[in-house]
Amino acid sequence: MAKELSSREDNYSQWYTDIVTKANLAENSAVRGCMVIKPYGYAIWERMQGALDKMFKDTGHENAYFPLFIPKSFFSKEASHVEGFAKECAVVTHYRLKNDENGKGIVVDETAKLEEELIVRPTSETIIWDTYRNWIQSYRDLPLLINQWANVVRWEMRTRLFLRTAEFLWQEGHTAHSTRQEAIEEAEQMLRVYAEFAEEWMALPVLKGVKSANERFAGAVETYCIEALMQDGKALQAGTSHFLGQNFAKAFEVQFLSKENKLEYVWATSWGVSTRLMGALVMTHSDDNGLVVPPKLAPIQVVIVPIYRNDEQYKAVCDKGREIKKQLEAVGIRVKLDDRDTQKPGFKFNEWEFKGVPVRLAIGPRDLENGTVEMARRDTLEKEVLQMQDIEQKLLHLLEKIQKNLYQKALDFRTANTFKVDTWAEFIEQIEKGGFIYAHWDGTAETEQKIKDETKATIRLIPIEGEKEEGKCIFTGNASEQRVVFARAY
RNA sequence: CGGGGCAUGGCGCAGCCCGGCUAGCGCACCUGCUUUGGGAGCAGGGGGUCGCAGGUUCGAAUCCUGCUGCCCCGACCA
């Protein structure tokens, strides 16, 4: 077991924090609730961004950037939207500081009060729809398919690195369409994009569905979501895609002339994923030896550790290491040769293992003689001595295998922790053990709220895949059209 | 905002109850030598005035008052 790492069993949340901080992903900053994302963590986020950005562009979207500040009045234009976010907004009220008259430090200059306060964006629907009004006149201007990479601020009471921070990084797509159907298709398409990203890149199996009215995004008509199951049995919302109907178009008067020369309101969607995905990544694959990063997202896929006893050997082994590095890079593998002379091999083994590098190669004098290299996999911790020939092909296949294995492990875990429950007694018992619970619900917000009050479980989603089965609500016994997924959530 | 806890080198802590010489330990850091196939050993060394502001006292990390910050649990949330 790794030094100074709590185990998942002893203290899951401490284990999570240990991994994030000790693997150098992020740390708490001097600013309450705000984190510093460190280079290694940011490198993983950049890889996520890169993959997502390409998927967005492949589906016809373009990037743009809107202001960090939103005039307060914009917020009140969409009633349910303001209600959803009002309690967690940072507000800018002044624009100048001055020296304290009593000589100590600096104070807000009360004479420099803003005419209208500015809200630090918790999400950008309002400023974007206010802007879209001027961009859209005709059906020829539609669809408008735009994404923004940005930071947003939500003044949370309690924060946790990546999972919930006062400021976080994300992308938010905001699209405008001429028909209801087209907007719904867009929202559903982006949900599929998110699910594909989660599964293909993050090796994170997700359920797809829609939210109940209670859990719906403030201002949305329908909220689609992907949900993943973490190793402690709690659910994590990994991404959302909203069909906004004409709510924002009406609030911000965004109308267009149709082919039939009729003035109509635009149909909207918005969709986003955030640095929270980093938290999902950690909690899905990592173990008591540290972080595990899937090969497709790993900033370093293969690390080479030289073994030597003297300067002569150091040189020979590093030369070989550089040669291997070149070979691997030629087929697109990201490689680091750890030629630091200041740390011992054992130290390096543990360090890279803790940082979750998928594959480690160790080369020593023995290997130079035999034409071999020692390979160690992070996912299984297995070691094997490989012959050098075709090493790049062997590693390409190995990385693919590791990616698949991580997904399969996560999927097996989810399967083993997914249950069907038909009675209230069973439900109460199972919810304590964690996992996804498929159960019948009568479809009312009241019942959902009562279940939440009594068990802390929420409806994570109403599935949109698989066969539907009628039944009776576990709480009220009333008729139910289909099972929904309950869990305790982050 | 309700309940609990903590503030002492970069990190983790001891000392406080019962005030008293130069504030101590582990890790990390620096130098040297020996080491290097799973977190090296030895020797030497640098770094803190004890969250802030008052008070009590000959004397305060230690006692008293006020303030501030942080962490954990709850309600809220991507």
Side-chain angles (χ1 to χ4, degrees), chain A residues 1-5 11 13-14 17-18 21-22 27-33 83-89 104-105 122-123 150-172 194 211 214-218 220 223 225-228 235-242 270-280 289-290 305-311 313-314 317 338-354 360-370 372-376 381 383 385 452-453 456 458 460 489-490:
Chain A
M1 199 212 283
K3 215 183 189 178
E4 292 166 21
L5 172 64
N11 187 343
S13 87
Q14 188 59 47
T17 306
D18 282 351
T21 56
K22 292 177 180 170
E27 63 188 27
N28 278 310
S29 71
V31 186
R32 179 200 185 93
E83 196 181 319
F85 287 102
K87 282 181 285 181
E88 50 185 32
C89 286
K104 288 243 165 161
T123 180
N151 58 338
V152 287
V153 169
R154 296 181 189 177
W155 212 262
E156 300 289 352
M157 295 294 203
R158 289 191 55 206
T159 59
R160 291 191 66 192
L161 293 168
F162 288 123
L163 296 175
R164 187 179 307 114
T165 46
E167 178 192 13
F168 55 94
L169 305 185
W170 77 345
Q171 59 69 215
E172 45 183 326
Y194 286 155
K211 288 293 186 193
N214 276 359
E215 300 276 329
R216 203 173 280 152
F217 175 75
T223 288
C225 66
I226 52 173
E227 290 278 333
L236 184 85
Q237 179 171 305
T240 49
S241 177
H242 314 290
S270 69
W271 28 275
V273 296
S274 72
T275 36
R276 176 177 245 204
L277 289 178
M278 293 286 294
N289 295 297
V305 177
I307 315 282
Y308 52 90
R309 286 172 189 282
N310 51 47
D311 287 354
Q313 287 184 350
Y314 175 73
V317 173
D338 187 356
D339 57 1
R340 285 177 297 176
D341 191 27
T342 51
Q343 315 290 347
K344 290 177 51 172
F347 179 92
K348 295 178 183 177
F349 289 175
N350 281 287
E351 179 174 342
W352 294 115
E353 200 163 283
F354 196 90
R360 181 185 74 234
L361 299 179
I363 328 169
R366 221 152 60 200
D367 298 300
L368 291 188
E369 263 175 51
N370 303 336
T372 57
V373 61
E374 183 193 82
M375 178 282 292
L381 298 172
K383 283 200 244 187
V385 175
K452 184 178 177 182
D453 291 344
K456 293 180 196 160
T458 49
R460 299 322 302 157
Y490 274 97

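So that the names make sense, note that chain A is the first sequence line, chain B the second, and so on, each numbered from 1.
A/Gln237 comes within 4.0 angstrom of the backbone, heavy atoms only, and of no base. When heavy atoms are screened at a 4.0 angstrom cut-off, A/Thr21 is found touching no nucleic acid atom at all. Within the 4.0 angstrom heavy-atom criterion, no nucleotide atom of any strand lies near A/Gln343. Within the nucleic acid shown, A/Asp341 has no heavy atom closer than 4.0 Å to any nucleic acid atom.
Under the side-chain contact (heavy atoms from CB on, under 4.5 Å) criterion, A/Thr458 pairs with A/Glu215, A/Lys452, A/Arg460, A/Ala489, sequence neighbours left out. Every side-chain contact (heavy atoms from CB on, under 4.5 Å) that A/Thr165 has, sequence neighbours left out, goes to A/Met35, A/Phe168.
The same atom, C1', is picked in B/G41 and in B/G3; the two are 50 Å apart, to the nearest Å. Atom P of B/A53 sits at a distance of 15 Å from the matching atom of B/U8, rounded to the whole Å. Annotation: B/G66 and B/U62 have their P atoms spaced 16 Å apart (nearest Å). To the nearest whole angstrom, the two P atoms, one in B/A61 and one in B/G51, are 10 Å apart. Annotation: B/A14 and B/C27 have their C1' atoms spaced 15 Å apart (nearest Å). Straight-line distance between the C1' atoms of B/C16 and B/C6: roughly 14 Å, to the nearest whole Å. Atom name C1', nucleotides B/C42 and B/G47: the rounded distance is 22 Å, in whole Å. Rounded to whole Å, the separation between the C1' atoms of B/C58 and B/G19 comes to 12 Å.
Base pairing of B/U56 is not made with any nucleotide, judged by Watson-Crick or G-U wobble geometry with both donor-acceptor distances under 3.5 Å. Nucleotide B/G44 is matched to B/C30 when pairs are restricted to Watson-Crick or G-U wobble geometry with both distances under 3.5 angstrom. With a 3.5 Å ceiling on both atom-pair distances, B/G39 lacks any Watson-Crick or G-U wobble partner. Across all strands shown, B/C1 forms a Watson-Crick or G-U wobble pair with B/G74, both key distances being under 3.5 Å. Base pairing annotation: B/G51 forms a Watson-Crick or G-U wobble pair with B/C67, both donor-acceptor distances under 3.5 Å. Across every strand in view, B/U22 sits unpaired, with no contact that passes the Watson-Crick or G-U test at under 3.5 angstrom.
Whole-Å rounding puts the A/Leu368 CG to B/G37 P distance at 16 Å. Across the protein-nucleic acid pair, A/Arg360 atom CZ and B/G39 atom C1' stand 12 Å apart, rounded to whole Å. Rounded to an integer number of Å, the gap from CD of A/Glu215 to P of B/A78 is 8 Å. Rounded to whole Å, the distance from CG on A/Asp311 to C1' on B/U35 is 13 Å. Between the P atom of B/G39 and the CD1 atom of A/Ile307 lies a distance of 11 Å, rounded to the nearest Å. The interatomic distance linking A/Tyr490 (OH) with B/C76 (P) rounds to 17 Å, in whole Å. Whole-Å rounding puts the A/Glu167 CD to B/C77 P distance at 21 Å. Atoms CG (A/Asn28) and C1' (B/C11) sit 14 Å apart, rounded to a whole Å.
A 4.5 Å side-chain heavy-atom check between A/Leu236 and A/Leu163 finds at least one atom pair inside the cut-off.
Phosphate proximity of B/G39 to A/Lys344: absent, as no side-chain N or O sits under 4.0 Å from OP1 or OP2. Under 4.0 angstrom from either OP1 or OP2 of B/U36 there lies at least one side-chain N or O belonging to A/Arg309.
By the 30° and 60° cut-offs, the orientation of the rings of A/Phe217 relative to A/His242 is parallel.
With distances taken from any side-chain atom of A/Ser274 to the nucleotides B/C77, B/G38, B/A78, the minimum falls on B/A78. Closest to the side chain of A/Lys452, from the set B/G38, B/C76, B/A78, is B/C76.
Taking only distance into account, the side chain of A/Lys383 meets the base of B/G38 through a donor-acceptor pair shorter than 3.5 Å.
In this structure, A/Glu351 does not pair ionically with A/Arg360, as no charged nitrogen and carboxylate oxygen lie closer than 4.0 Å.
Residues A/Asp339 and A/Tyr308 bring no donor and acceptor atom of their side chains to less than 3.5 Å of each other.
Judged by centroid separation below 5.5 Å and plane tilt below 30°, A/Phe168 stacks onto the base of B/A78.
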